[in-house]
Amino acid sequence: MIDLRVLRDEPDLVRDSLAARGMPPALADELLAADAARRAAVTSADRLRSEQKTASKEIGAASKEERPAMLAAAQELAAQVKALEEEERIADAAVRTAHLAVPNLVADGVPPGGEDDSLVLETVGELPSYDFEPRDHVAIGTGLRAIDMERGAKVSGARFYFLTGVGAELEFALANLAMAQARDSGFTPMIAPSLVRPEAMEGTGFLGAHADEVYRLAADDLYLVGTSEVALAAYHADEILDLAAGPIRYAGWSSCFRREAGSYGKDTRGLVRVHWFDKVEMFSFCTPDQTAAEHRRLLGWEKQFLAALELPYQVVDIAAGDLGSSAVRKYDCEAWFPSQSAYRELTSTSNCTTFQARRLNIRYRDEGGRPQVAATLNGTLCAIARTIACLLEVHQQADGSVRVPPALRPYLGGREILEPVG
RNA sequence: GGAGGGCUCGCAUAGUGGCCUAGUGCGGCGGUCUUGAAAACCGCUAUGGCUGGUGACAGUCAUCGUGGGUUCGAAUCCCACGCCCUCCGCCA
C-alpha cells in the first residue's frame, strides 16, 4: 500500500507513476476521493460517539428517578452511532479497495513502458561457444540420470520433475553454496514455511493482479507460497524492529509453488518453468532512505553467485509496466541458455520500499524514537531448478559430461566432471 | 481427531456490567538527594485514526487475541474464529 499522505500532498506523483506502468491515472483520484470520504465519516462518527460516551456516563451517575427519560434519549443516540459506524465501515472498505488497486510508486530512472522497454544495464561473461551442437538441459540431465521429467509427469503432472542421483546432489550443492555465501555476507540463514495464512500472502501483494498464480488450500484457508519472500516479509509483521545497526538480512530456503496460469505452451520442456521448485531467497528490512543502496547490494550478491557458477548473464532494469505491484524498481539477472540462444531470468531483486511493510505493519524507531514504516527488499540468490538447467547447458561438453565450476566442487564431493551414466 | 486451560500496557499480574480516564509490581526514561554511585523518594512510560496548529503539541475516537452480537454503557455477558499450553489418540 502506498502512503496516503504522499497521495494527498502530491497526487501528481501517483498519477505519473500509474501512467508509467500503463495504468489509468484515475485510480489515484478514486483513492483520493475515497480517502476524503472516509475522513469525513470518521470525523462525524467520532463526534457522535463522544456525545454518546458522555450520555452513558451521566446515566451511570444518575438516580433511579432520572434514568427512564435519559435512557430513551440514549437509545436514540445509540441508533445514530450505529448508523454512522456502518457508514464508517463502508467508507473504510472503499478506501481499502481503492488503496489495493494502486501499485507502489515507480522509482526515478526506471524505463517506462512494457516488457520490451526493459533496459540491459550490463553484460557479464563471455558467451560459450561449442564445437558441437549444444543440447538442452533435459537431454544432458537425462544422460546424467539427473533429471526425470517423464516420471515427474506420471506422478504429479505437467511441469513436475524428479531430481535423481547427481541431480539431487546438485540441488543440495547449490543450496549449500548459496547459504554459505549468504552467511558470509551477514545474512541469517532461515528455513521458511511454504504454507502461509492469507494475511501473509495479502501483505506481500501476491493476492492482487496475479492472484490466479497462487495455489490455495481451500479446506484450510492456507496458501502455498510462490517464494519465501512471503514468509520472510511476514516474519516481522506487527513488530517494531531495531534498525539502528543497519539492515536486518535473512536468507530463506523454501519450496516455491506457482500455478503458471496463462503460460500454457510456454517453456513446456524441462526445468525452466515448473509448478514447484526450491529457492534460496535474500530478504532485507531497512529504513526507507537506505533502500536504493541496499537494492544495489542485493544485486551485487546475485552477481557474485552467478560469477561463482561461471554463468554468463546480463543485468536488466525492468520497465515500469513489467514491475510487480510492490516494487518501485526491479533488476533481473538473465543467464545464457545455449539451447535457446537466449538470456533467461535466473534471479530478480525488487525494492518494495514501504509498500509491503505498511500492509504488514512492520516499523522501526527513528532518531526521535517515533515509529516509522520500515522498508523491505528481496532478491533471488538461487532458484535451484532453473539454475541447474542453466548450469548443465552452459558447462556441457561434447561427450555429454558437464564440467563443475570450482566453487561448486566442495559441495559435490570434489567432483570436477559429471559423467553420463551407461 | 477428542478433552480441558488460557490470551489484559515491554514483562508479570489485578480486574465477573458504570467509581476502568485499565490498577499494582518489575523493567525503562527523567528528576531530587550525593564528591560520584547505590538506595530512597518524586514524575513519566503504548499504538493507530481523525481534527486543529508552521511547530514542540493539544483535543477527540479506537485498541484488553480477532470478528460479530446483547446493552444507554462491555476487559467483564453471548456467538464464531485464531493462536498458545496440558492431557489422550494417531503419526514423520
Side-chain angles (χ1 to χ4, degrees), chain A residues 1-10 31-100 191-203 207 216-223 230-231 234-244 254-255 285 288 354-374:
Chain A
M1 294 194 288
I2 63 162
D3 187 349
L4 287 179
R5 266 166 288 209
V6 169
L7 176 68
R8 288 171 203 155
D9 296 344
E10 298 171 87
L31 179 52
L32 212 47
D35 178 47
R38 186 191 75 92
R39 288 196 280 168
V42 166
T43 302
S44 53
D46 272 6
R47 190 176 306 131
L48 207 65
R49 249 195 305 263
S50 178
E51 226 175 282
Q52 188 197 26
K53 274 177 83 164
T54 311
S56 282
K57 250 170 231 172
E58 284 166 1
I59 291 173
S63 68
K64 279 201 177 70
E65 297 74 39
E66 294 170 316
R67 280 199 185 187
M70 297 173 82
L71 279 178
Q75 263 167 22
E76 174 58 26
L77 203 52
Q80 288 173 22
V81 167
K82 206 166 188 177
L84 284 182
E85 283 181 341
E86 182 57 23
E87 280 176 34
E88 208 180 347
R89 237 192 305 273
I90 291 167
D92 267 337
V95 168
R96 188 183 150 83
T97 304
H99 209 168
L100 292 178
I191 309 288
S194 292
L195 281 167
V196 299
R197 306 175 60 187
E199 300 86 66
M201 213 62 181
E202 214 168 45
L207 293 184
R216 172 162 183 257
L217 300 179
D220 302 282
D221 201 18
L222 289 171
Y223 292 88
V230 177
Y235 184 69
H236 283 306
D238 300 316
E239 294 181 24
I240 297 180
L241 305 177
D242 184 359
L243 296 177
S254 80
S255 289
F285 298 89
T354 57
F355 193 83
Q356 291 178 331
R358 182 166 294 106
R359 192 70 179 287
L360 291 165
N361 191 29
I362 302 168
R363 293 167 297 171
Y364 70 100
R365 289 190 192 280
D366 63 17
E367 295 84 350
R370 269 180 284 277
Q372 303 286 353
V373 180

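Every chain is numbered from 1, with letters handed out A, B, ... down the list of sequences.
- When distances are taken from the side chain of Ala78(A) to each of G82(B), G73(B), C61(B), the shortest belongs to G73(B).
- Distance Glu51(A) CD to U51(B) P: 19 Å, rounded to the nearest Å.
- Using the Watson-Crick or G-U wobble rule with both distances under 3.5 Å, A38(B) pairs with nothing in any strand shown.
- No side-chain heavy atom of Gln80(A) sits under 4.5 Å from any side-chain heavy atom of Gln52(A).
- The Arg39(A) side chain lies nearest to U51(B) when the options are U51(B), G82(B), G68(B).
- Salt-bridge formation is detected for the pair Arg39(A)/Asp35(A): a Lys NZ or Arg NE/NH1/NH2 atom is positioned less than 4.0 Å from an Asp or Glu carboxylate oxygen.
- Contact annotation: Lys57(A) does not reach the phosphate of G17(B) (side-chain N/O to OP1 or OP2, under 4.0 Å).
- When each of G73(B), U70(B), G49(B) is scored by its nearest atom to the side-chain atoms of Ser56(A), the top-ranked nucleotide is G73(B).
- Within the structure, a side-chain polar atom (N or O) of Arg363(A) is placed less than 4.0 Å from OP1 or OP2 of G48(B).
- The residue Gln52(A) sits close only to the backbone: its heavy atoms come under 4.0 Å of sugar-phosphate atoms, none of a base.
- The shortest distance between the side-chain N/O atoms of Arg370(A) and the OP1/OP2 oxygens of G48(B) is not below 4.0 Å.
- One N or O donor and one acceptor, one from the side chain of Asp46(A) and one from the base of G49(B), sit under 3.5 Å apart.
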